[in-house]
Each structure stands twice: as C-alpha cells, then as structure tokens.
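Given the structure is predicted, the values throughout are model-derived calculations rather than measurements. Residue numbers begin at 1 in each chain, while the letters A, B, ... track the order of the sequences.
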Amino acid sequence: MEIRFDGVRYSYPSGVEAVRGISLTVPAGQRLAIVGQNGAGKTTLVRHLNGIFRPSHGSVYVGDWTTSGKQIADLSSRVGYVFQNPDEQLFARTVREDIAFGPKNLGCDEKEQERRVVESLELTGLSEHADVHPHHLSLSERKRVAIAAVLAMKTPIVVLDEPTTGQDELGVRMVAEITQSLARDGRTVIAITHDMDFCAENFERVVVMAQGEIQADGTPQEVFVQTQALEHAAVEPPQLIRLAKKLGWSTTPLRVDEFVSGLSTEGKATS
Amino acid sequence: MIELRDVAYAYPDTDRYVLDGIDLTVARGEVVGVVGASGVGKTTLAKIIAGFIPNVEGGTLDGSVTVDTVPISSLPLAEAVAQVGLVIQNPFNQISGAKFTVREEIAFGLENTGVPREEMITRVSDVAKLLRIEHLLDRSPYALSGGQMQLVAIASVIVMGTPVLVMDEPTSQLDPGGSRMVFDIISALTDAGTSVLIFEHKVELLREHADRIAVLADGRIVHQDTPRAVLTDDRLESWSVGSTRYTRAARAARDAGLTNPEAALPVSLSDSTDYFTTQRAGR
C-alpha cells in the first residue's frame, strides 16, 4: 500500500513549525529509514500516518485514503505505529491481552486472535512472558511487547519510532529480523532511528531530515556519501563507511562482509 | 567513591536473588561503564547504589554498599539523594509531574533540599547552559521531544552536584551529537572529582570515556578490564553486548586470515584506522 505526503506542513499550537513542506512517496513494501537529529521533525511527520496529527497544509495519503477524512481508529487498520516510549502504548494487565487487543478490535475471532498473539510473541522473543503484567518487564522487553502488539494487527504499513533504543545485542538483532520478515511479507516498514549501522544494514532507502525538511533521499550508498547534507542534519555515516573513507577507499561498504571483501580489492588497488 | 562488597539482592516476596556476590569499586574521579544483557539487573544495581533499594522498594539486600565510606542504606532518602544522583532509564518517568516549566522541574531537587533562591537560579541556568537546553526553560516538561526530555532529566540530576552519579542509559533517546555532549560533560565532572557509574549500550562512547568496564551477567560481575579489552572480548556476544562494526570488521578480517591474529582488535574509528593501516603495511 503506497504512502504519499504531498506538500505537508505542520505547526504545533505553540507556533513551532515542525514539518515544513514535505513531499515523499513510499511505494508498497519499501523499507524506509528516517534519520536526523533530535527535533528535526521525524516523529511529527510519521505521526501524520495514523492521524495523530493532521497537516496544517498539504495532504497525507495512505493507499486510496487521505488521512484528513479518516479517524485514528480507521487508520490503525492500515498503519501500525510503535511509539518511542512503550509506556504510552501498553495498558493491559497481561502481555497476551495487550497483544490481542488490536486483532480483537479489528474483529478477529478468538481463534485468530490467539494465532496472532502466539506468532507475534515468537517473533519478538516474548513467548515465556505471555501472562506477565507488562510493567513487570524491563523497558526493552516492554518495547518489544509494543512491537508485538503492532505486528498482531497485520497492517500493510508498520511505523517503528526508535525501535532499537535500549535494546541489547539480542534485541537489536530481533528488531532487524522483524524488519526483514515484514519486508518479505510485502509490508511497508518506516523506521525512525539514530542507529546508522542498523539503518545501513536493514533499510533500502534513507531519508535525512533537518529543521522539518528533507535534506537527502536515496539508497544508503547514495545518502551516506552526501557529506554536506549529513553535516547539516548532524548525521554521522555508518561506522564502516566512515572507516572506508578514512582508509581512502572509493567504495561504501554497508555490511561487515562487504567491508571484508573490500579489504582485498581496495588493498590491491593501492599496493 | 562507590564501594560494593559482596552485594546480593532479592525483590520483596521472593527468595530468588537477582544480584549475587557483586564486588565493584568506582574511585573518586573515575568513570566505570557497566554492560550486559537487558534484564540482567543493571537497573536494580543502579537503584541499590542510589539507596532506593531497599529503602523505597523493599526486598532483601545483603553485603555492603558505601558511598565515601558511608553505608548508603543507613541514610534517610533525603540525605542519600544529596550523595548520589540517579539518572533513571526512562526519562519520561524522571519528570516529577508536579511542575509547569522545565526551569521549575530542574530546580525541583534543589528546592526540596532548601537551597537559597538566588543560588538555585544560578545553578539552574548554569546546568541549562551546560546541556544546551536554555531555550527550553520556559516550556512545559510535557511539550518536549524524547531527546529533549532526556537532557532535562540529566540536568535535574547534575544540578544537585552530588559526589556520585549513577546513570542508567542516559543517552538512549539522544542523537550522536547529543550523546557525545553528555559524555563530554561526564568527563568534565569526573575531572572535578565526581565518581560516575554508567550503564550504556553505546560501546564506542564507553571506549572513549570510561576508565574501566564491568560486565554484568547472571546477576554477577563476570569480567572487568579496560574498555578496549572488554569490548573486543570474544565472549561479548554471549553476554548479549554489542560490539562496534569496527570490531566486527576486524574480527571477520582476522578470521579470514587477512590480518595478524595476534594484533589487538579495534573498538573505535581511530583504533580501526590504525589497525587496518598497520595490517596493510605489514602484509
């Protein structure tokens, strides 16, 4: 399902204009990362997708709907949104109940609800915590419950706001696997992230934002070499690209295996 | 200085010890990083050092926890907070909820400990300047982004000027620039004698700023060494601690026979530039 932002502007009631004229089309099934420093307008922009914010100017389309004509409840059948702070999202007495809430509201029967709960728990590594109160879990586990609750909605579009923060190594790997598996199912994944290494390894498109505007847009290879735009947005390229640049390479390795093969070819090129 | 000797802890209504046999010292002016898997007890340990456990949350605490040789649990909470500043993991929960502006929020602790008004104003404005949040002072604490809220939470703790700081993932919501600024502030504080214990997943920053790193696993400190030694340890993944792409690339190159198996693996950009430059020169 395609997403389209068309000349979107948004001002907070305080008068601060957080989004300043963004036009962006995200084709169905794309893995898009939005990066940029704190306060760049990333969260404000994506919160238009589930109708939490309505554009002050311009329009936001989710498939054939414009968000201004739809309620948050309608939009939640198309856009699953994982909040940055899981405590804004979780409310039920058990993890299972929290995850079942979405499918239940979508009208799934009990059997289907249970099937989705089990599947989401497995994907997020939380199976053993199904009957625990979410507030007895650690922050990183609660964050994964929030992700599981959204996965169970089976929406064609999933938005992840800072999915890797506070996650340990295992948690980061799990989020990476979830992203890949959503993509395999043809679902669109939009993630806001400060973790450029996670971004380079898991996303096919990167949008860089600063001061409410798009500064760069393209594949990780294209975007992470635009030094000026990155500096303006206070974004540092992923570690391997920084290293390759220091070593004087002409290539932009995104993954460890690409770096290692680069080591042989670039080594020969310079000797 | 923080000193933990043979510390063990079980939460109320359970006899299962989540921490057991913890020995850990943070000297005056030292930064010690603690790494480990989620749920391994880092937050519990932070609360113990700050005196919240067992004084507020209860449970069974064995062993000794002293701050500048004073047992922290013997102090009333009001005195404990003057000794140890605790930046909690979720900044959304650090905000008091009792104040209408960021300025009042940062002043909250000073107000409660009876600091004179003039001094309070100066200290709040100094700390706001340090963390570059002066422009937020008149805003509501609830009209902030996640990153801004985290800086306000840090400011509200640093303003207290405690000799010991315990920071539980203080940069989780921050961009790279903001994270680096927080670590630069930590370094400045330790230069002035503050002892800092920090729980952090951003290991590249620990490499640059920590004096030592301790690994927490199965409720114990299983390893302690210099940042570079810990962060390139082959067991890191089994402790569910991430390594930098610099370390991963060097290890993969070493395992593929492309680099000297004896050379110490790199953690940071400058380590790895040296590593790969010498390796290439040596081949």
Side-chain angles (χ1 to χ4, degrees), chain A residues 12 14 16 18 35-40 42-44 84-88 137-144 161-162 164-173 194-197 200-201 233-236 238-243 246-247 253 255-257 259-264 266-267 270-271, chain B residues 35-40 42-43 89-93 139-140 143-151 168-169 171-179 201-202 204 236-237 239-253 255-256 258-259 266 268-270 272-273 276-277 279-280 283:
Chain A
Y12 281 96
S14 64
V16 176
V35 305
Q37 73 186 127
N38 290 127
K42 309 180 297 290
T43 297
T44 309
Q84 189 174 1
N85 179 8
D87 299 340
E88 283 184 42
L137 298 176
S138 69
L139 181 62
S140 60
E141 287 165 337
R142 292 204 297 284
K143 187 126 189 171
R144 281 190 272 133
D161 195 348
E162 291 288 357
T164 61
T165 52
Q167 297 293 335
D168 62 10
E169 181 56 17
L170 198 68
V172 173
R173 277 175 199 221
H194 289 307
D195 185 339
M196 295 308 139
D197 305 305
E201 288 169 352
V235 167
E236 284 173 357
Q239 293 177 352
L240 295 176
I241 293 183
R242 280 153 72 192
L243 178 56
K246 273 264 185 199
L247 295 173
R255 315 176 62 91
V256 167
D257 55 348
F259 181 88
V260 173
S261 45
L263 208 53
S264 335
E266 293 280 344
T270 51
S271 61
Chain B
V35 296
S38 297
V40 80
K42 297 192 295 266
T43 299
Q89 192 182 33
N90 191 347
F92 303 91
N93 297 340
R139 284 221 211 149
S140 159
L144 303 177
S145 74
Q148 290 168 334
M149 207 176 266
Q150 188 151 44
L151 293 177
D168 194 359
E169 297 183 24
T171 70
S172 61
Q173 314 286 328
L174 299 179
D175 55 45
S179 305
H201 288 300
K202 292 174 186 161
E204 195 185 358
L236 211 59
E237 201 178 312
W239 296 320
S240 197
V241 177
S243 45
T244 64
R245 298 313 189 270
Y246 305 124
T247 308
R248 293 179 201 188
R251 181 175 284 125
D255 293 349
L258 295 170
T259 55
S268 65
L269 177 60
S270 70
S272 60
T273 312
F276 285 108
T277 315
Q279 292 302 321
R280 185 177 294 169
R283 281 195 315 140

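For the set B/Thr43, B/Val35, B/Asn90, B/Val241, the count of heavy-atom pairs under 4.5 angstrom toward chain A peaks at B/Asn90. If you tally non-hydrogen atom pairs under 4.5 Å between each of A/His194, A/Gln37, A/Gln239 and chain B, the highest count goes to A/Gln239. Contact count versus chain A (heavy atoms, under 4.5 Å) is highest, among B/Ser268, B/Ser243, B/Ser240, for B/Ser240. Of the residues considered (B/Ala249, B/Ala250, B/Ser145), B/Ala249 shows the highest number of contacts with chain A, using heavy-atom pairs under 4.5 Å. Between chain B and the residues A/Leu170, A/Val172, A/Leu139, A/Thr165, the largest count of heavy-atom pairs under 4.5 Å involves A/Leu139. Options A/Thr164, A/Leu240, A/Asp197 differ in how many heavy-atom pairs under 4.5 Å they form with chain B, and the most are formed by A/Asp197.
For A/Asp87, the part sitting under 4.5 Å from any heavy atom of chain B is the side chain, from C-beta outward, and nothing else. With a 4.5 Å cut-off on non-hydrogen atoms, B/Leu174 touches chain A through its backbone and its side chain both. Only the backbone of A/Gln167 comes within contact range of chain B, judged by heavy atoms closer than 4.5 Å. Of the two parts of A/Arg255, neither the backbone nor the side chain holds a non-hydrogen atom closer than 4.5 Å to a non-hydrogen atom of chain B.
Taking the side chain to side chain donor-acceptor pair (under 3.5 Å) definition, one finds that B/Glu169 meets it with B/Gln89, B/His201, sequence neighbours left out. Considering only residues two or more places apart in sequence or on other chains, B/Ser172 meets the side chain to side chain donor-acceptor pair (under 3.5 Å) condition with B/Gln150.
We find that B/Arg248 and A/Glu169 are joined by a salt bridge, their nearest charged nitrogen and carboxylate oxygen being less than 4.0 Å apart.
Between A/Leu247 and B/Thr277, the closest side-chain pair of non-hydrogen atoms falls below 4.5 Å.
Looking at every heavy atom in both residues, B/Leu258 comes nearest to A/Leu263 through CD1-CD2, 4.0 Å. Residues A/Ser138 and B/Ser38 come closest through the heavy atom pair OG-CB, 4.5 Å. Listed here is the closest heavy atom pair of A/Val260 and B/Ala252: CG2-CB, 3.6 Å. Closest heavy-atom contact between A/Glu88 and B/Phe92: OE2-CE2, 4.5 Å.
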Exercise for the section: Begin with the C-alpha distance, continue with both residues' side-chain angles, and end with the deciding distance and a verdict on side chain to side chain contact (heavy atoms under 4.5 Å, CB included) for A/Lys246 and B/Phe276. Expected result: CA-CA 10 Å; A/Lys246 273 264 185 199; B/Phe276 285 108; over 6 Å; no

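Interatomic distance, CG of A/Asn38 versus CG of B/Leu144, reported as 11.0 Å (0.5 Å rounding). For the atom pair CG (B/Asp175) and CG (A/Asp195), the distance works out to 13.0 Å, reported to the nearest 0.5 Å.
Counting only N and O atoms by type, the side chains of A/Gln84 and B/Gln173 include a donor and acceptor under 3.5 Å apart.
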